[in-house]
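The block underneath contains the structure these notes are about, expressed in structure tokens.
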Amino acid sequence: MKYSLLTLAAAATLVIAAPACSDKVQSNPFLEEYTNEYEIPPFDKILPEHYMPALKAGIEQHNAEIEAICNNAEAPTFENTVLALDNSGATIAKVALVFGALEESNSSDEMVKIAEEFHPMLSAHQDEVSMNGKLFERIRVVYDNREGLERDQQMLTEKYYKDFVNNGALLDAEGQADLKELNTKLTGLYLTFNNNLLKATNEFYVLVEDTTRLAGLPANVVSVAAEEAAARGHQGKWAFTVHAPCRLPVLQYAQDRELRREIYQGYTSLATSGEYNNYPVIDTILHVRAQKAALLGFDCYGAYQTNKVMAHTVEAAENLLMQIWKPAVARVKEEVAEMQALANRRGDNITIEPWDYYFYSELVRQDKYALDENELRGYFQVDSVRKGIFTMAERLYGVKFTEMPNATKYFDEVVVYDVTDIETGEHVAVYMTDYFSRPSKRQGAWMSVFKESWVNADGTPSRPIVFNVGNFTRPVGDTPALLSIDEVETMFHEFGHGLHGMLTTARYKGISGTSVDRDFVELPSQIHEHWAFTPELLSAYAHHYKTGEVIPQALVDKVLAAANHGQGFATTELCGAALLDLQYGKLNPEGSVDVAAFEKQVADQLGMPAELTFRYRSTYFKHIFGSDEYSCGYYTYLWAEVLDADGFELFQEKGIFDPATAKSFKENILQPGGGEDPMTLFVRFRGHEPSVDALLRGRGLIK
């Protein structure tokens, strides 16, 4: 869960006493100073009953801070208004960051129940702050006189001003009341969408009783399926779920075509019917969003969302995507032709369907490049890959990671590290990893923080606590967790976000780390994926889990040769989902929206190949319907890839561990946060504005 600037402003440099409350609340860990090293939340002391009292106390504290800013008799300045706001809300930040993290990664029925009260209350408070007329007038004075400020102060001021305007500060009292009501509705709808999706995902499985149906599947996947079946009361059988560590290997390796079809259709029909049907939820979200956009003076919700990022308009985002869509679809036709030809040679007597794509794509890869991903997995044990990301960070940015075995953690599988500067020995950040799938964790992989970074008034730094979450296959018996190529890239991707959060030196929390434009935030994550399969780094971390043998150069050569295999499929499903997202953003529905029909209409208009679909169908498109975070912004993955592909070409020219290039990337991209215009930062690093051609070259879609 991503929270707004207005509710998660930086922790105050002065500790303000919490309001008087009961003995139970007084013992609340959120309302006390964290006394452990580096102020890690005391997870061992935090109980579910602590969240709501802490949130209420934090809101009361924050209200007093806001009132003090508004009633300041001095003329508005950056320090007494914008910075004071940035430094407010410490208790809210503490409780909201922990609750949001655990709700996503270690949920329970009790957490779900708390969320029903927690999020509406937090949303309502955010509305109260963002619609405070006296506070906005002070911010506007600073904004109107911002030219005399330092650049990062200007950026923070502009960000707050725009946040307030986009959150209804210019509306009259009636309009603000309407906006509060719409925001409350959306908060509840997002909760319903996410709960439906989590429950639908956890409930679906395909039960297999005949061992012949297991042909082709990796042994670890079969073992996990056996454990899953036993847990569901089917001892001696195999239960295959649609969680990625199970779903993707089934689609890629299962020789049983019917099993592939059942898994594919189970996944692509998640939350489409019955008790957990998300169609009516999406319909209502679309109507409420359109009303919100109109109230704020925008033509559509997409215009409201894109006005605050690098693209600025839906049309600009669409223009970028269509430059990618056309060559990607052309490549899909070539890929399908190759797969169909191979199926024909095998005498399979089938026509390629969506549930065949992964399977026959893998066969084509083996046929063309003699590359078997099961052979590769042995070299990518999860701890080895973790060593790889740490080695990359050490060689590029001069930081090292030392495990803190006694640190408090929110789940026993979490691993905590002290990140330090190799040259000076100074503490840089706390970093946590939580890599394995479990029913209490939502699907996907992500990075977030338990504590932001900022610089105190006396010049001393307050360093961040960053964590990465994944959903990788668990160890089974004596076999450790072995990762696929996609999972290796995912670990590097999320670690890139982590580096953005860990290495920031921005002075103000509101613009530190990943607090940047949505279409810039994916640059640090995506560019670091490139290092995963570079020969220089592979030799340092890709060692076989049984023998310790370094991955053979011949196998590395196969990986590199096959690097762009299947990019037509990967690019088309991603680009298609981004375009679908933008089409939803342009809707101003009057009557009920037939979500399934609309999705099909968009696919038909785009010319979506019949052999695949959007990366996420609407009912499980959590990025855009589970919150506002990526709504009308899923395109940013490709927008950022334009930047990262162009940027990595500089590393290729100079050397992937070239000290000067790494130093420039660190200083111009990772450290500033949102303290400078993102395009200015990119040009300062790269020397020119980016071109989409670098992305197309990187994905092998053009020469």
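Both backbone and side-chain heavy atoms feed into the values below; hydrogens, waters and symmetry mates do not.
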Original post:
Where do Asn106 and Lys441 land on the side-chain hydrogen bond (donor to acceptor under 3.5 Å, both in side chains) test, with the steps shown first?
Top reply: CA-CA 5 Å; Asn106 199 29; Lys441 184 190 291 185; over 6 Å; no
Original post:
What pairs meet the side-chain hydrogen bond (donor to acceptor under 3.5 Å, both in side chains) rule with one or both residues in residues 263-272, with sequence neighbours excluded?
Top reply: Arg261-Gln265
Original post:
When you measure from the centre of the six-membered ring of Phe359, is the NZ or CZ of Arg260 under 6.0 Å away and within 45° of the axis?
Top reply: yes
**OP:** Establish, for the pair Arg247 and Phe240, whether the NZ or CZ atom is under 6.0 angstrom from the six-membered ring centre and no further than 45 degrees off its axis.
**Re:** no
Subject >> Matching residue for Phe495 among Arg386, Met447, Met392, His528 - test: side chain to side chain contact (heavy atoms under 4.5 Å, CB included) >> reply: Met392
Subject >> Residue pair His565 / Glu335, side-chain donor-acceptor N/O under 3.5 Å >> reply: no
Original post:
Does Glu117 have any side-chain hydrogen bond (donor to acceptor under 3.5 Å, both in side chains) partners at least two apart in sequence or in another chain, and if so, which?
Top reply: none
Subject >> Stepwise salt bridge (Lys or Arg N to Asp or Glu O under 4.0 Å) check, Glu203 with Lys199 >> reply: CA-CA 6 Å; Glu203 285 194 5; Lys199 291 174 181 177; over 6 Å; no
Original post:
Asn468 and Tyr435: side-chain donor and acceptor closer than 3.5 Å?
Top reply: no
Original post:
Between Arg289 and Ser631, what is the shortest heavy-atom contact and its length?
Top reply: NH1-OG, 3.0 Å
Subject >> Thr201 and His243: side chain donor to acceptor below 3.5 Å >> reply: no
Subject >> Lys409/Asp44 ion pair, N-O < 4.0 Å >> reply: no
